[in-house]
Enquirer: 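This is the structure, below, for whatever I ask next.
Being a predicted model, the structure only gives us computed values, none of them experimental.
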Amino acid sequence: MISTQFREHIAASEIDGVWTFPDNPDAIPRDKGAYALALCLGGPVDLEINRTCRGRLMPGWYFYLGSARGSGGLAARLKRHFREKKKLHWHVDRLTVQTIAMAALAVPDGNECELADGLLATPWFKIALAGFGSTDCRRCDSHLLMAAPD
């Protein structure tokens with residue numbers, strides 16, 4: 001489960017949302033909005049998304065920032081991320097199938113770029129892999145952050 005420490009670090013960034021977990025999918029808001037998907041990797045993961053987005057992620061906590069503006073909103077998107085078996089469609093799918101723990105902070109009416117700004121403004125988060133999850137974003141260098149060691 002995600003530690004109290006990370007919850008406090010995220011709260012310090014003044015992001016207001018609802019924590020949700022794979023074992024309680026009915027508690028996820030159905031609103032449209034954004035989310036921070038917390039992923040714990042138990043071992044190294046090598047990724048090659050494209051020529052410019054590749055690298056090795058080491059064990060630890062990562063935070064993928066995404067949006068859910070379609071049908072079903074946050075509930076539909078996060079339930080999909082929480083599923084173990086799924087077609088690998090988005091960049092983050094390559095991580096969700098390799099995690100040892102997941103949680104999400106659902107932010108109704110939120111914006112993933114603003115979530116990235118808020119987390120990167122703290123000393124506790126940094127970009128994990130440039131270009132990851134942000135190929136259609138002209139503002140952000142990445143939508144995948146890693147928890148910086150204390």
Side-chain angles (χ1 to χ4, degrees), residues 1-3 5-7 9-13 15-25 28-29 31-50 52-70 72-122 124-149:
M1 203 54 72
I2 190 156
S3 75
Q5 174 189 26
F6 288 130
R7 288 187 198 203
H9 291 338
I10 291 171
S13 70
I15 294 171
D16 188 25
V18 178
W19 281 102
T20 60
F21 304 92
D23 62 351
N24 191 10
I28 303 171
D31 307 273
K32 294 178 185 334
Y35 57 90
L37 182 65
L39 308 155
C40 185
L41 298 179
V45 174
D46 291 316
L47 292 170
E48 186 166 350
I49 304 300
N50 56 42
T52 60
C53 180
R54 62 177 127 198
R56 172 173 272 200
L57 300 179
M58 299 311 290
W61 281 97
Y62 293 83
F63 294 81
Y64 172 75
L65 309 167
S67 64
R69 307 245 178 256
L74 290 161
R77 182 60 54 87
L78 292 174
K79 285 179 184 179
R80 183 189 187 285
H81 287 322
F82 288 156
R83 282 198 322 257
E84 289 182 23
K85 295 183 181 186
K86 61 189 154 233
K87 180 181 177 186
L88 301 183
H89 178 70
W90 289 294
H91 293 174
V92 71
D93 291 340
R94 289 159 180 80
L95 295 179
T96 62
V97 297
Q98 298 191 60
T99 61
I100 58 172
M102 266 194 285
L105 181 66
V107 183
D109 298 319
N111 175 287
E112 70 266 35
C113 298
E114 291 173 5
L115 294 180
D117 291 345
L119 294 177
L120 288 170
T122 75
W124 302 293
F125 299 94
K126 63 182 183 178
I127 290 175
L129 185 60
F132 189 96
S134 61
T135 53
D136 61 348
C137 180
R138 297 180 188 266
R139 178 175 164 188
C140 301
D141 291 329
S142 181
H143 283 178
L144 183 66
L145 308 181
M146 66 183 296

Enquirer: Examine distances only and state if a side-chain atom of Thr20 and a backbone atom of Ala104 form a donor-acceptor pair shorter than 3.5 Å.
Expert: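 Between the backbone of Ala104 and the side chain of Thr20 there is a qualifying donor-acceptor contact (under 3.5 Å).
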Enquirer: Going through the checks in order, is the side chain to side chain contact (heavy atoms under 4.5 Å, CB included) test met by Leu41 and Thr99?
Expert: CA-CA 5 Å; Leu41 298 179; Thr99 61; 4.2 Å; yes
Enquirer: Begin from the C-alpha positions of Thr96 and Leu37 and carry the test side chain to side chain contact (heavy atoms under 4.5 Å, CB included) through to its verdict.
Expert: CA-CA 9 Å; Thr96 62; Leu37 182 65; 3.8 Å; yes
Enquirer: Mind checking the CG-CZ spacing from Leu119 to Phe63? Nearest 0.5 Å is all I need.
Expert: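 Answer for the CG-CZ pair, Leu119 versus Phe63, is 8.0 Å.
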Enquirer: Looking only at heavy atoms, which two atoms of Ala101 and Trp61 are closest? And how far apart?
Expert: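 Ala101 and Trp61 have their closest heavy atoms at CB-CH2, 4.0 Å.
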Enquirer: So how far is it from His143 NE2 to Leu129 CG, rounded to the nearest 0.5 Å?
Expert: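 The NE2 atom of His143 sits 13.0 Å away from the CG atom of Leu129.
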Enquirer: Output the distance between atom CZ (Phe21) and atom CD1 (Ile28), rounded to the nearest 0.5 Å.
Expert: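 Here the interatomic distance stands at 10.5 Å.
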Enquirer: For Asp93, is there an ion pair with Arg80 - N to carboxylate O distance below 4.0 angstrom?
Expert: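 Result for this pair is yes, salt bridge flagged.
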Enquirer: Hydrogens and angles aside, do Tyr35 and His81 bring a side-chain donor and acceptor to less than 3.5 Å of each other?
Expert: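 Side chains of Tyr35 and His81: pair found under 3.5 Å.
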Enquirer: Write down the atom of Gly42, the atom of Ile100, and the distance for their closest heavy-atom approach.
Expert: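 Minimum heavy-atom contact is CA-CD1, 3.8 Å.
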Enquirer: Look only at the side chain of Lys32 and the backbone of Gly70, and say whether a donor-acceptor pair between them is shorter than 3.5 Å.
Expert: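 Yes: the side chain of Lys32 pairs with the backbone of Gly70.
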Enquirer: Could you check if a side-chain atom of Val97 sits within less than 4.5 angstrom of a side-chain atom of Lys86, using non-hydrogen atoms only?
Expert: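 Result yes, sub-4.5 Å side-chain heavy-atom pair found.
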Enquirer: To the nearest 0.5 Å, tell me how far Leu145 CG sits from Leu120 CG.
Expert: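 With rounding to 0.5 Å, CG (Leu145) is 4.5 Å from CG (Leu120).
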Enquirer: Without swapping roles, check the side chain of Thr122 against the backbone of Trp124 for a donor-acceptor pair under 3.5 Å.
Expert: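 Yes; judged by distance alone, with no hydrogens or angles, the pair exists.
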Enquirer: Show the nearest heavy-atom pair for residues Ser67 and Arg77, with the distance to one decimal.
Expert: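 Distance-wise, the nearest heavy atoms are O-NH1, 2.8 Å.
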Enquirer: Evaluate the side-chain proximity of Leu95 to Leu144: yes if any heavy-atom separation is below 4.5 Å, no if none is.
Expert: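 When only atoms from C-beta onward are counted, Leu95 and Leu144 do touch, with a gap below 4.5 Å.
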Enquirer: With a 3.5 Å distance limit and no angle check, can you tell me whether Arg94 reaches the backbone of Leu88 through a side-chain donor-acceptor pair?
Expert: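 No; zero donor-acceptor contacts below 3.5 Å.
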